[in-house]
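So the structure is just underneath, and the comments pick up after that.
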Amino acid sequence: MRSRLDIRDLFAEAVAGIGTRPARTALTVLGTVLGIGTLVTTLGFSATAGNQIAGRFDAVTATEVTADIPPPAGPDLPPRVEWGALTDLARLNGVTAVAGYARTQPGQEPSVRANTVRDPERVLDRALPVVGATASLLGAARTGVAHGRFFDAGHVDRRDRVAVLGPQAAEQLGVTRVDNQPAVFVAGKPFTVIGILGGVGRANQQELANAVIVPWTTGDDTLHLGPVGTVLVTTALGAAPLIARQAPLALSPNDPAAVQVVAPPDPAALRTGVADDVSGLLLVLGLVSLTVGALGIANVTLVTVMERTAEIGLRRALGARRRHIAAQFLVEATVVGLLGGIVGASAGILTVVMISVAREWTPVLDGRLAAGAPLAGAVVGLVAGLYPALRAAAMQPVDALRGPG
Amino acid sequence: MTDVITLTGIGRTFAADPPVIALESVDLSVRRGDYLSIVGPSGSGKSTLLNVLGLLDVPDTGRYELEGEETTVLGDAARTALRGARIGFVFQSFHLLAHRDVTENVMLGGLYTSAARKGRRERAHAALERVGLSHRRDFRPTHLSGGERQRVAIARALAGNPALLLCDEPTGNLDSANTAAVLDLFDELRADGTTLIVITHDETVSGRAGRRVRITDGYLTQEPL
């Protein structure tokens, strides 16, 4: 003959035991709610924020590398980067397009006009930046021609006096078509307009829309634009960080440090960084709350065990074995932890969703997190209930049954 | 075998300085259907005898046969199972769970025994019927009178259909009217064949029993009524 306790009865007794003091149970649950809630909010929020930041780096931005080359320190010194070095850079694996240009200094834009008529009533001169570029500018700046064509390597080699206008520059100069071979005068020197650009796709090169673009050879001859000052590179997806490291060496082998490279931040590193920043402190806070919650469960369960000495004695008299007593208090503590885990996880998820809605973010929630959090609460309860349950099982409650209870 | 309990030379000594002899060569036999009262002043060994009879404590010497089974050689698990199945306890302070209704309290009596889970509620209702409390089955114990509470406790003890009802000062917390009701119930139970052992210091209670023994300083003596 053996005493036994049906598992359904065990849970029924444990739940009834918890329900005996609802207020105390609620307060005990609160500790776990705070702990689990903080953890879920922290993890969910950092996942959401990390995803949000990563989302800003679209594939286009992530493939653009820009190198700025300062002018040589003295007028007699050789340029830091030769125009020919651009072809070296283009040979690098992962580079899809390379273009370089030299431009007039801000504030020293030459006056540009579309005809030679001297009209005293109208101001025809416009101060526009002039850019001397390589023939590959279209691809590297993510732009195209709206009218006409861009100059090619032949124009560059022959030092032809041709120009392509940015869309805003063309509007200011009143040039709307190129089939009649209009001319512009840059600092008094005539250039034939062979094309007008469309919109410029590259975010950091919007000034090209307002510029007069000429072959770099011609620009150097007529306007003394000087050596290459800016290099635009587009790369294959994922190659940008590598190209950013290699570009200075390819462009200026003698003095790579002179080349200032602007590369997109590594999205993966950024995401991790943000997640780390956000979660680090809160994660510790959550773990502390959870520990406090566990101590709360342990403490309350211990008090409950002491209060229920007579009940434990009664159950022993009714045939309960020590393990039945221990199991009941273990299950009670576990259920309290589970309740805290469920409520805490729900509250945490709700917080993440509400923050996301307020900031118009997309909430990102790991399903394992949502499922694991209540489980973690139950484990916390189980661990916290271990000591009180063993105390209850070890009780000699014979005397508690006697006398007034 | 008509003896429910046979104690032979039971002794129990508690380690102290000097050692406390709580029971000394106690011989006692209780037959089926007996109604025995054990009287004695406090400190006489009543509690120790109750614990031994209730299989809550193991004597140092002697033999204790419950329904012919030698219990002093049993392990803790087997003794616990035997206690749950064959002994019904009734305590002075009832020990009802305040937040469970009367039926649930009575159902506790069969919780740990090997009795079938199915039909437990029906058996509890039958036990309540026996103590005349069917009309109180959905009440909380806190809404019952002391006498009714003790009758619920008796129903809980009866629910497991035990060989023996072991009552420890069952009327200690009751007024005379409720005491009379409980004692009337004991008479009815005895008439049904239930074996009763009542530990008490109350002469009116022990006077209702069929047989009385007195315990003094650990020694048991038969006493005429």
Side-chain angles (χ1 to χ4, degrees), chain A residues 1-26 304-329 331-332 335 390 392-405, chain B residues 42 46-48 50-52 54-57 69 74-101 104-118 120 146 149 153 156-157 159-160 162 166 168-169 172-173 199:
Chain A
M1 186 161 58
R2 273 262 188 261
S3 300
R4 52 154 204 87
L5 179 60
D6 193 286
I7 189 83
R8 288 165 292 183
D9 291 331
L10 170 62
F11 276 93
E13 291 299 312
V15 169
I18 294 167
T20 302
R21 295 181 177 276
R24 179 190 289 182
T25 301
T304 307
V305 165
M306 296 306 164
E307 279 181 357
R308 287 158 66 180
T309 307
E311 183 194 325
I312 295 168
L314 170 73
R315 288 178 187 276
R316 297 274 285 143
L318 292 174
R321 299 181 62 183
R322 292 187 191 283
R323 63 183 61 172
H324 296 148
I325 302 295
Q328 183 180 341
F329 284 98
V331 171
E332 286 190 18
V335 169
L390 290 177
M395 267 187 177
Q396 296 286 358
V398 170
D399 298 325
L401 289 170
R402 304 216 63 199
Chain B
S42 30
K46 271 188 307 182
S47 330
T48 311
L50 167 83
N51 290 343
V52 168
L55 296 172
L56 293 162
D57 196 6
E69 186 176 4
L74 293 177
D76 187 56
R79 212 169 53 247
T80 301
L82 195 58
R83 171 172 65 223
R86 304 309 298 155
I87 299 175
F89 287 89
V90 177
F91 303 101
Q92 177 178 357
S93 42
F94 325 135
H95 292 305
L96 300 175
L97 302 185
H99 295 268
R100 317 287 285 276
D101 69 25
E104 285 177 330
N105 267 290
V106 175
M107 283 164 69
L108 278 182
L111 189 62
Y112 299 98
T113 66
S114 45
R117 194 166 181 275
K118 200 176 162 210
R120 190 189 294 159
R149 290 186 208 186
R156 179 181 64 199
L166 195 55
D168 180 23
E169 301 282 5
N173 283 3
I199 295 176

Candidate pair A/Asp6 and B/Arg120, rule salt bridge (Lys or Arg N to Asp or Glu O under 4.0 Å), full reasoning: CA-CA 13 Å; A/Asp6 193 286; B/Arg120 190 189 294 159; over 6 Å; no

Atom [atom1] of [X] and atom [atom2] of [Y]: how far apart are they, to the nearest 0.5 Å?
X	Y	atom1	atom2	answer
A/Leu5	B/Thr113	CG	OG1	10.5 Å
A/Arg322	B/Thr80	CZ	OG1	8.0 Å
B/Leu111	A/Arg4	CG	CZ	8.5 Å

Residues in salt bridge (Lys or Arg N to Asp or Glu O under 4.0 Å) contact with B/Asp57, at least two apart in sequence or another chain: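 B/Asp57 satisfies salt bridge (Lys or Arg N to Asp or Glu O under 4.0 Å) with B/Arg12 only.
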
Toward chain A, the part of B/Arg79 with a non-hydrogen atom under 4.5 Å: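 Nothing of B/Arg79, per the 4.5 Å heavy-atom cut-off to chain A.
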
Contacting moiety of B/Leu97, where chain A heavy atoms sit under 4.5 Å: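 When you check distances to chain A, only side chain atoms of B/Leu97 fall under 4.5 Å.
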
Option in A/Arg21, A/Glu13, A/Arg323 with maximal non-hydrogen atom pairs under 4.5 Å from chain B: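 The residue among A/Arg21, A/Glu13, A/Arg323 with the greatest pair count is A/Glu13.
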
For the student: nearest non-hydrogen atoms of B/Ala81 and A/Ser3, plus distance: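 What the structure gives for the nearest pair is CA-OG, 3.0 Å.
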
Minimum-distance pair of heavy atoms, taken over all atoms of B/Arg83 and A/Ala320: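 Between these two residues, the closest heavy atoms are NH2-O, 4.4 Å.
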
Atom group of A/Arg315 that falls short of 4.5 Å from chain B, counting heavy atoms: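 Both the backbone and the side chain of A/Arg315 come within 4.5 Å of chain B.
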
CA sep, side-chain torsions, deciding dist, call: A/Leu318, B/His95, side chain to side chain contact (heavy atoms under 4.5 Å, CB included): CA-CA 12 Å; A/Leu318 292 174; B/His95 292 305; over 6 Å; no

Non-neighbouring partners of B/Tyr112 that pass ring pair (Phe, Tyr, Trp, His ring centres under 6.0 Å), sequence neighbours left out: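 Partners of B/Tyr112 by the ring pair (Phe, Tyr, Trp, His ring centres under 6.0 Å) criterion, ordered by chain and then number, come out as A/His324.
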
